[in-house]
Amino acid sequence: MSTLEQSAGEQRRVAILGSGYTAAVAAEIIHHHPDFKLAVVASRSKAGGRFDWISQDWAVPLHGLPIVIEHPSNIFEDPESWELDAALVTYADAEGAEASETLQANGLRVVDLGGGLRLRDPETRERWYGEDTATDLLASEDVVYGLTELYRDEIREAEVVANPGCYPTASVLGLAPLAREGLIESVQIEAYSGISGAGLGGREKFKDTRGDVVEYGRDGHRHQPEIEQELAALGCHGPVEFRPHVITDVFQGMSLNCNVTLNREAYRDEIETLYQDAYRDEPFVEVVVRPPSMEAVRETNLCRMYVASLDIVKGNKFSVRVVIDNLWKGASSQAVQNLNLMHGLPEETGLPASTLERIAG
Ligand SMILES: NC(=O)c1ccc[n+]([C@@H]2O[C@H](COP(=O)([O-])OP(=O)(O)OC[C@H]3O[C@@H](n4cnc5c(N)ncnc54)[C@H](OP(=O)(O)O)[C@@H]3O)[C@@H](O)[C@H]2O)c1
């Protein structure tokens, strides 16, 4: 018997595995979603606790949602008793992949927020995420990479979606129009994230650091091969330099400068038109006329970007500034955007398009 209310009408029953930041955001979105029902939240470390109490000092909004957390073994041992339709898995990498495989084998549509299923090349995957655990799932090719704007047709049919990392979401959306046109010679991505990007562990790591911007991952970051994989899929094989930083006083939010050298000269208008055309029909991507702020996309599924020319009139140096909320478009709201498509729903269902709408709702 679920510790939550039983489902009503046609609502699909969704399980959330994990109890960290992305699980809290996902729980809130699913709770307010018109077509999904939050059936259960499961955690190894916090089973028996109330999620809204546990998460009350995280600056993640779980406004009094009275969820008592289950142990995942209760789901894995008898998945049918929960009458689940779908699951969002918010574990780390290999364990997320393994849990996703088990849930898919039990007939659920699954979105895995960890990195274990994202990289298509087995050697690269092993280098960054260790030896495969979900071997049957990976061999089956049932997994679709979940950057919605690039793979929506495939996502509609997918049984398992590998939700993208937060940096790759912002980077690939910010570079896709240029990559698709074969215009990129090289790119350097200066990326800045709030501390929630490092999950619960990040709280401890940065608790004594105030008012600072800390560069990390100088020896390599697992999001670099993911960015390279998706740019290559769009036809861009030029070198990518990726430089991630943490802004220690920001909890959630992500801002990137994608500094691009084009392989030919262009006017700024031409490049801006390319971006406007690429994203005109996208419900959650906006090309804006002034540099966007992280605050303006906080707690939304929006990705905003701004194209600037670094040359006075015409040249080949451009910078694309991109902002998202790492816990929303970079993780949980994009996961729901994908889950919507997997269930034949409009992808906007249950997702506020703006901060204003969110406050009003
Ligand atoms: N944070 C982001 O911005 C972001 C963006 C995109 C993707 N992701 C990926 O999504 C997955 C979930 O991210 P997250 O930020 O929600 O991770 P998280 O806060 O670290 O929590 C994920 C799970 O890991 C376990 N865990 C890890 N560290 C813990 C700690 N110190 N104390 C207690 N439990 C701990 C818990 O499992 P149990 O509940 O079972 O004990 C928890 O549910 C990860 O694979 C991450 O790489 C994160």
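Ligands are counted one by one from 1 in listed order, and the atoms in each one are counted from 1 as well. Note: hydrogens, waters and symmetry copies are ignored here, and every other heavy atom, side chains too, is used.
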Spacing of E215 atom CD and R243 atom CZ [to the nearest 0.5 Å]: 4.5 Å
Any side-chain donor near an acceptor of the partner, R210 and T248, under 3.5 Å: no
Note, L178 side chain near Y275 side chain (heavy atom, < 4.5 Å): yes
R44, K329, K46: member with heavy atom nearest to atom 40 (O) of ligand 1: R44
Spacing of L234 atom CG and Q229 atom CD [to the nearest 0.5 Å]: 11.0 Å
Donor on one side chain, acceptor on other, N326 and S196, under 3.5 Å: yes
R156 to Y151 six-membered ring, cation-pi geometry met (6.0 Å, 45°): no
V336 side chain reached by L351 side chain, heavy atoms, under 4.5 Å: yes
Which of the ligand 1 atoms, numbered from 1, are nearer than 4.0 Å to a heavy atom of A331: 5 (C), 6 (C)
Residue, atom name and distance, where the atom is the protein heavy atom closest to atom 14 (P) of ligand 1: T22 OG1, 3.6 Å
Nearest-contact summary for atom 41 (O) of ligand 1 - protein heavy atom, Å: S45 OG, 2.5 Å
Atom 21 (O) of ligand 1 [closest protein heavy-atom partner, distance rounded to 0.1 Å]: G20 CA, 3.6 Å
Enumerated ligand 1 atoms positioned under 4.0 Å from heavy atoms of S196: 1 (N), 2 (C), 3 (O)
Nearest protein heavy atom under 4.0 Å from atom 26 (N) of ligand 1, yes or no: no
Where ligand 1 meets T90 - atom numbers and elements under 4.0 angstrom, heavy-atom basis: 11 (C), 12 (C), 22 (C), 23 (C)
Atom OH of Y216: over 12 foreign heavy atoms under 6.0 Å: yes
Distance filter under 4.0 Å to G330 heavy atoms, resulting ligand 1 atoms: 5 (C), 6 (C)
Protein heavy-atom partner closest to atom 45 (O) of ligand 1 - residue, atom, separation in Å: Y91 O, 2.9 Å
Heavy-atom check, side chain of R44 versus side chain of Y91, under 4.5 Å: yes
Flag: protein heavy atom within less than 4.0 Å of atom 12 (C) of ligand 1: yes
Option set D112, L113, D93, criterion heavy-atom distance to atom 10 (O) of ligand 1, minimum: L113
Partner of T169 under side chain to side chain contact (heavy atoms under 4.5 Å, CB included), chosen from T148, L256, L147, I227: L147
Identity and separation of the nearest protein heavy atom to atom 15 (O) of ligand 1: G199 CA, 3.3 Å
Where ligand 1 meets R222 - atom numbers and elements under 4.0 angstrom, heavy-atom basis: 47 (O)
Atom 3 (O) of ligand 1: nearest protein contact (heavy atom, Å): N326 ND2, 2.9 Å
Which residue and heavy atom of the protein sit nearest atom 38 (P) of ligand 1, plus the separation: S43 OG, 3.4 Å
pair H343-D35: side-chain heavy atoms closer than 4.5 Å: no
Heavy-atom side-chain proximity of Y129 to R118 below 4.5 angstrom: yes
Test item, H223 contacting ligand 1 (heavy atom, 4.0 angstrom): no
Per-atom contacts, ligand 1 versus G197 - under 4.0 Å to a heavy atom: 1 (N), 2 (C), 3 (O)
Minimum non-hydrogen distance to atom 18 (P) of ligand 1, winning option of L200, L327, T169: L200
Nitrogen or oxygen of E95 less than 3.5 angstrom from that of ligand 1: no
Nitrogen or oxygen of R118 less than 3.5 angstrom from that of ligand 1: no
Distance filter under 4.0 Å to S19 heavy atoms, resulting ligand 1 atoms: 39 (O), 42 (C), 43 (O)
Minimal non-hydrogen separation, A179 against I184, with atom names: N-CD1, 3.7 Å
Proximal ligand 1 atoms for G18, defined as those under 4.0 Å from one of its heavy atoms: 39 (O), 43 (O)
Smallest separation among heavy atoms of N163 and A335, with atom names: OD1-CA, 3.5 Å
Sub-4.0 Å heavy-atom contact, A92 with ligand 1: yes
